[in-house]
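The structure appears below as structure tokens.
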Number of protein chains: 2
Amino acid sequence: MFIQIEPTSDIPIYTQLANQIIELIARGQLKGGDTLPSVRALASDLSVNMHTVNKSYHELEHKGIIRIVPKSGAIINPIVQEGITNENSRRIIEQLKPIIAEAIVLGMSPEVIQEQTTSILITLKGE
Amino acid sequence: MFIQIEPTSDIPIYTQLANQIIELIARGQLKGGDTLPSVRALASDLSVNMHTVNKSYHELEHKGIIRIVPKSGAIINPIVQEGITNENSRRIIEQLKPIIAEAIVLGMSPEVIQEQTTSILITLKGE
DNA sequence: GAACTGTTCTAATATATGTATAACAAACGA
DNA sequence: TCGTTTGTTATACATATATTAGAACAGTTC
């Protein structure tokens, strides 16, 4: 697991960690059925507190990305193949909207926004 | 100004406000040169504290979206026409990446992600 | 000159974030 | 079986962020 935490970032550590795990799954470097390190092991690895890692894992579980088996470990769910749910789709769009609005106001043209989106998709999935 | 604040949201009030002002500018409902209400007037209007509105305005100024003239008011900068700066572009991409990664993991196909991006752009700019 | 403006200051409260320790009970592995 | 590991839970503490409140100040506006 190649994870890098910046303790001084304005993004909370547990969010940084959750985001990076999501990115690893999107890239296919973590697959459905793979197990995540124990909260203690990963915490020690990243030099952060056990509870901080635990909070990340529960955020991922709440989003439906992993499942936590008590007293056992955390397992990555397979990437959903049947298409995204309406609820999740709505959430994603609500998150994208303000960022795209900001991009427009800062002078990024719709064409460039599309290009950058494509670029990110290629980076993540190779498509 | 049609602004709606949800006090119980997990998104801070000052962020909600800044986002909505940005969206109004992106939509063209606020234009370069337009003035924003005074911090006291808008705070009263939204039933929030003056300092919360002030924090929003300063966030917008920090992003280069408005300028604040001390003892006078806040004026919207024109939408940048010369293209986005590299620094701003980098920031936008860093914000988009984790959301797009999450969309992929939750089963949104690259094609649908592109479609939704287009849809948001149309909603905002009519393009 | 009165009203309004953003600024600054102090203060209080609530919530969020992160760390530190410890104990518990279930699961795991040898 | 038995020791180790696991996630869980509880308490405590420190710091930062978010929000509100009230007041005073000095420049701007009309």
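Please read these numbers as outputs of a predicted model, since none were measured by experiment. So that the names make sense, note that chain A is the first sequence line, chain B the second, and so on, each numbered from 1.
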Compare the minimum distances between each of [options] and the side chain of [X], then state the nucleotide with the smallest one.
X: His58(B); options: dT17(C), dT7(C), dT19(C); result: dT7(C)
X: Lys55(B); options: dT8(C), dT8(D), dA18(D); result: dA18(D)
X: Lys71(A); options: dT9(D), dA18(D), dA26(C); result: dA26(C)
X: His51(A); options: dA10(D), dG6(C), dT19(D); result: dA10(D)
X: Arg40(A); options: dA20(C), dT8(C), dG7(D); result: dG7(D)

All salt bridge (charged side-chain N to carboxylate O under 4.0 Å, His left out) counterparts of Arg40(A), not counting sequence neighbours: none
salt_bridge(Lys55(A), Glu59(A)) N-O dist < 4.0 Å: no
Is Lys63(A) salt-bridged to Glu102(B), going by a charged N under 4.0 Å from an acidic O? yes
Without decimals, in angstroms, what is the distance between [X] [atom1] and [N] [atom2]?
X: Asn54(B); N: dG22(D); atom1: CG; atom2: C1'; answer: 15 Å
X: Leu17(A); N: dG18(C); atom1: CG; atom2: P; answer: 11 Å
X: Tyr57(B); N: dG6(C); atom1: OH; atom2: P; answer: 7 Å
X: Met50(A); N: dG7(D); atom1: CE; atom2: P; answer: 10 Å
X: Asn49(A); N: dT21(C); atom1: CG; atom2: C1'; answer: 10 Å
X: Ile75(B); N: dT28(D); atom1: CD1; atom2: P; answer: 13 Å
X: Ile68(A); N: dA26(C); atom1: CD1; atom2: C1'; answer: 16 Å
X: Ile11(B); N: dT17(D); atom1: CD1; atom2: P; answer: 19 Å

Is any side-chain N or O of [X] closer than 4.0 Å to OP1 or OP2 of [N]?
X: Tyr14(B); N: dT19(D); value: no
X: Ser38(B); N: dT5(C); value: yes
X: Thr52(B); N: dT20(D); value: yes

Pro70(A) or Thr15(A), whichever maps to the more 5' nucleotide of DNA chain C: Thr15(A)
Mapping Ser72(A) and Ser47(A) to their closest nucleotides on DNA chain C, which lands nearer the 5' end? Ser47(A)
May I ask you to test the Asn88(A)-Thr85(A) pair for a side-chain heavy-atom distance under 4.5 Å? yes
Answer yes or no: is there a side-chain heavy-atom contact under 4.5 Å between Asn49(B) and Asn54(B)? no
